[in-house]
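Notes follow once the structure below has been shown.
Numbers restart at 1 for each chain; the letters A, B, ... are given by sequence-line order, proteins then strands. Scope of the values below: all heavy atoms of this structure, side chains included, with no hydrogens, waters or symmetry mates.
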Amino acid sequence: MSDNLEPVNFIRQAINADLADKKHDKIVTRFPPEPNGYLHIGHAKSIWLNFGIADDYEGECTLRFDDTNPIKEDEEFVTAIEEDVRWLGFKWSRIAHASDYFPKLHEFAIELIHKGLAYVDSLDMETMREYRGTLKEPGKNSPYRDRSVEENMDLFSRMKAGEFADGKHVLRAKIDMQSSNINLRDPVIYRIRHHAHQRTGDAWCIYPMYDFTHGLSDAIEGVTHSLCTLEFEDHRALYDWFLSHVSAPCHPRQIEFSRLNLNYSVMSKRMLTQLVNNGHVDGWDDPRMPTISGLRRRGFTASAVRNFIGSVGITKKANVIEMSMLENAVREDLDSISPRAMGVLKPLKLVIENFPEGESEPIEVANHPNDPSMGTRNILLTREIYIDHDDFMEDPPKKFFRLGPDREVRLRYGFVVHCHKVIKNDAGEVIELRCTYDPNTRHGQQPEGRKVKGIIHWVSAEHCVDASVRLYDRLFQEANPLADKTKAFTESLNPHSLQVLTNCKLELSLGSPSVDTRYQFERLGYFYPDIDSSSSHPIYNRIVTLRDSWAKIDKQRKS
RNA sequence: UGGGGUGUAGCCAAGUGGCCUAAGGCACCGGAUUUUGAUUCCGGCAUUCGGAGGUUCGAAUCCUCCCACCCCAGCCA
């Protein structure tokens, strides 16, 4: 489901070339998350790529959990990941776990030992690091490097049998301690971990490392193209080494692409975990999080996320995408599918003095200005209404064409009202407006020579529901929260990223929202009911604001 | 001279030696329509492709040198 007609990216070009060379008759990919956290929008890029390719080439894509480190992983994450992939609209050909392959992987390890290409090392971690050398200096061989096949087999089987404590021995590939590629300096392929695994329980106390597991799992699954991010570029030599030194059923091709980064955000699982665990946000699905579950709860649609990914493209260039790209994708998707409604976020009472008390005027309004098929609904106009505080200014600047003392404005779908009195409380705050309406402006009538530019939304004070609305802003106040290496990234968290409004007045139709419907609150933005809503008190999340040229003018005016 | 990568507008990104005096999107700046300052619509926005040389009738695309930035020294993935 890659609904964008993007130019053929370099990965698809490589696949096309392989197909032209008759290397494969079917394309197989995989999405290989480690279940140690929730998926974020960066993962969506990989998902979109891998599943999109499988779909378009009529191939297969496996959802495979790279679960080789039982200390960090958890079943909770497995469930969440499955749900997120499904929500994004992708279907896996099958679901697998690297742990399914533990027996086979163990056989491959033994094969390497027998070939003299792997050995049990007994250096402690610290010493092993010293022996590894540095980026510029070669490493040196471990004194255990030349153990006999028999000795290695004996030790390895005793490692597996649980005879040794964690860290006592490791199994290493025997490659080249002098290599300029550090990954080839006899990488560890098995380590001892006396820790129950979420799937295999206590069956194993030795666990294979990523580099060994990943490529061989790909081969076991018949993957043709193993797509991963740039930081694994250096690992490709090792990926290929394992595949060519073991009797693997096939040799997948690893191709790397750049990760997705968003400004005013962080995209590292480690940091997102920290935000959750330290209570900076309200969980993995906090609507401010760049996680799939956060975006979902916020009200983003899966198609908006997919379109966004499609619009940023796949390359090898390091990139930071502007948040406005994502917002654009959401607005584009939501504009056509969202029914319109009126909601007042910061209520200011407005009394229309020449409107008869106790009466109400029903007005039939369209649910969508450009799509008659979305139908109409009735709203009621009454003597007392609420308007938004932001639509009134006591001393308005020239370009502000909303309400002010002795000014007039049109009530959306209704008539023009003129404000002739402003009532304040003891603190000097405006608490009520007294207005009169002009009967000649009913139903959109515009008397000759009269131009009323301002139109504001409103809600009948009598016919409305109380609600809460959560307004979200960017999570970080710095475009790059990691730029200043002298401070923790959490120091650039935006203190105003969440604003909760508890006294909102919404039109009746918003009191019982339709399932899975995003609404446009006219003139304000797109909103989505939060799961914390109750039937008596709805709670809406603001997904994104509408484009707001007044906000732009106002900002320039103030600066 | 450790290795591996990347450099096209503020942000993404097409372009794969001649139709490129360089697509498209976002952002930005106009202007039209509009009972959402929304949507939609029109127009503007790189004589230039990190820099300098070179090859060629012709270079963003090929060669050489240089510069900048990113990744790698977990028994993490």
Side-chain angles (χ1 to χ4, degrees), chain A residues 6-10 13 32-34 36 66 68-69 71-73 121 123-125 128-130 132-139 166-172 179-185 187-193 207 209-211 213-214 228-237 256 258 263 269-270 311-329 331-332 335-336 340 342 365 368-370 399-402 410-416 441 443-446 452-457 520-525 545-554:
Chain A
E6 288 303 307
V8 177
N9 62 54
F10 78 100
Q13 289 181 26
E34 184 190 12
N36 67 343
D66 258 356
T68 57
N69 187 354
I71 291 173
K72 291 186 173 179
E73 296 152 10
D121 198 355
L123 253 27
D124 60 74
M125 229 187 276
M128 196 185 287
R129 181 172 28 216
E130 284 164 16
R132 187 152 37 231
T134 68
L135 293 177
K136 296 189 177 183
E137 301 153 29
D166 289 11
K168 197 73 186 153
H169 305 285
V170 291
L171 184 70
R172 291 230 254 172
S179 175
S180 51
N181 181 345
I182 290 188
N183 295 299
L184 263 21
R185 316 235 264 232
V188 171
I189 60 185
Y190 265 92
R191 78 291 215 185
I192 301 169
R193 280 237 202 298
Y207 292 94
M209 297 287 289
Y210 165 83
D211 284 304
T213 308
H214 195 82
C228 63
T229 45
L230 249 30
E231 68 272 24
F232 293 106
E233 228 157 3
D234 291 338
H235 295 239
R236 192 173 62 237
E256 311 85 11
S258 52
N263 64 8
K269 238 194 253 179
R270 197 196 98 239
S311 75
V312 303
I314 306 286
T315 67
K316 290 179 76 107
K317 204 187 112 185
N319 62 77
V320 182
I321 311 292
E322 291 180 348
M323 203 53 103
S324 62
M325 280 265 215
L326 217 205
E327 292 175 347
N328 178 258
R331 291 194 186 108
E332 198 170 70
D335 176 54
S336 59
R340 312 287 128 123
M342 292 202 283
V365 303
H368 191 111
N370 311 316
K399 285 182 176 170
F400 183 85
F401 30 88
R402 273 112 101 149
R410 180 178 288 281
L411 297 178
R412 168 125 249 233
Y413 304 118
F415 37 57
V416 172
T441 58
H443 308 306
Q445 288 172 45
Q446 189 100 298
V452 178
K453 189 143 194 197
I455 297 158
I456 62 173
H457 58 277
Q520 186 198 95
F521 290 9
E522 294 208 57
R523 305 207 310 130
L524 296 175
T545 61
L546 254 31
R547 277 196 188 83
D548 187 350
S549 47
W550 161 247
K552 231 180 274 176
I553 294 166
D554 196 39

[N] and [M]: how far apart are their [atom1] atoms, nearest whole angstrom?
N	M	atom1	result
B:C12	B:A77	C1'	27 Å
B:A59	B:A13	P	27 Å
B:U61	B:G54	C1'	15 Å
B:A52	B:C67	C1'	10 Å
B:C49	B:A23	C1'	14 Å
B:G2	B:C63	C1'	26 Å
B:C62	B:U55	C1'	8 Å
B:A9	B:A60	C1'	14 Å

Above 12 or not: heavy atoms from other molecules or residues under 6.0 Å from NZ of A:K168?
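Counting neighbours around NZ of A:K168, 12 or fewer heavy atoms of other residues, nucleotides or ligands fall under 6.0 Å, so no.
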
Closer than 3.5 angstrom, by distance alone: can the side chain of [X] be matched with the main-chain N or O of [Y] as a donor-acceptor pair?
X	Y	value
A:R185	A:S179	yes
A:N263	A:E322	no
A:S258	A:T315	yes
A:E73	A:N69	yes
A:R331	A:T545	yes
A:N183	A:N181	no

Tell me the interatomic distance from [X], atom [atom1], to [N], atom [atom2], rounded to whole angstroms.
X	N	atom1	atom2	value
A:R193	B:C75	CZ	C1'	6 Å
A:E130	B:G74	CD	C1'	15 Å
A:I455	B:U33	CD1	C1'	13 Å
A:N319	B:C69	CG	P	18 Å
A:E256	B:G5	CD	P	8 Å
A:E231	B:C69	CD	C1'	17 Å
A:L184	B:C72	CG	P	17 Å
A:R236	B:G4	CZ	C1'	9 Å

[X] vs [N]: side-chain N/O to OP1/OP2 distance below 4.0 Å:
X	N	result
A:T315	B:A13	yes
A:R340	B:U36	no
A:R270	B:A77	no
A:R132	B:G74	yes
A:R547	B:C26	no
A:K317	B:U8	yes
A:K72	B:A77	no
A:K136	B:U1	no

Looking across every strand, which nucleic acid part, if any, lies under 4.0 Å from [X] by heavy atom: base, sugar-phosphate, or nothing?
X	result
A:V170	base
A:E137	nothing
A:L326	nothing
A:R172	nothing
A:M342	nothing
A:T213	nothing
A:P33	nothing
A:N370	base
A:V452	nothing
A:Y207	nothing
A:D554	nothing
A:I321	sugar-phosphate
A:K399	base
A:F400	base

Could you work out which one of [options] sits closest to the side chain of [X]?
X	options	answer
A:M209	B:C12, B:C75, B:C28	B:C75
A:F232	B:A77, B:G25, B:C72	B:A77
A:K316	B:A38, B:G5, B:A73	B:G5

Applying the Watson-Crick and G-U wobble criteria at under 3.5 Å, what pairs with [N]? Answer none if nothing qualifies.
N	result
B:U6	B:A68
B:C45	none
B:U40	B:A32
B:U1	none

Salt bridge flag under 4.0 Å for residues A:E34 and A:K72
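Result for this pair is no, no salt bridge flagged.
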
For B:G17, measure the glycosidic angle (O4'-C1'-N9-C4 for a purine, O4'-C1'-N1-C2 for a pyrimidine) and name it syn if it falls within 90° of 0, otherwise anti.
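B:G17: anti.
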
May I ask you to verify whether the side chain of A:E322 and the base of B:G10 hold a donor-acceptor pair under 3.5 Å?
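Between B:G10 and A:E322, which were checked side chain against base, a qualifying N/O pair under 3.5 Å is present.
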
Tell whether A:D234 reaches the base of B:G3 with its side chain through a donor-acceptor pair below 3.5 angstrom.
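When only heavy-atom distances are counted, A:D234 does reach the base of B:G3 through a donor-acceptor pair under 3.5 Å.
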
Testing the basics here: between A:V170 and A:M128, what is the closest heavy-atom pair and its distance to 0.1 Å?
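Minimum heavy-atom separation between A:V170 and A:M128: CG2-CE, 3.5 Å.
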
In this structure, is the centre-to-centre distance between the rings of A:F400 and A:W550 below 6.0 Å?
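Between A:F400 and A:W550, which both carry aromatic rings, the centre distance is below 6.0 Å.
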
Here's a test of your reading of the structure: between A:H235 and A:S324, which maps to the more 5' nucleotide of RNA chain B?
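Going by which nucleotide is closer to the 5' end, it is A:S324.
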
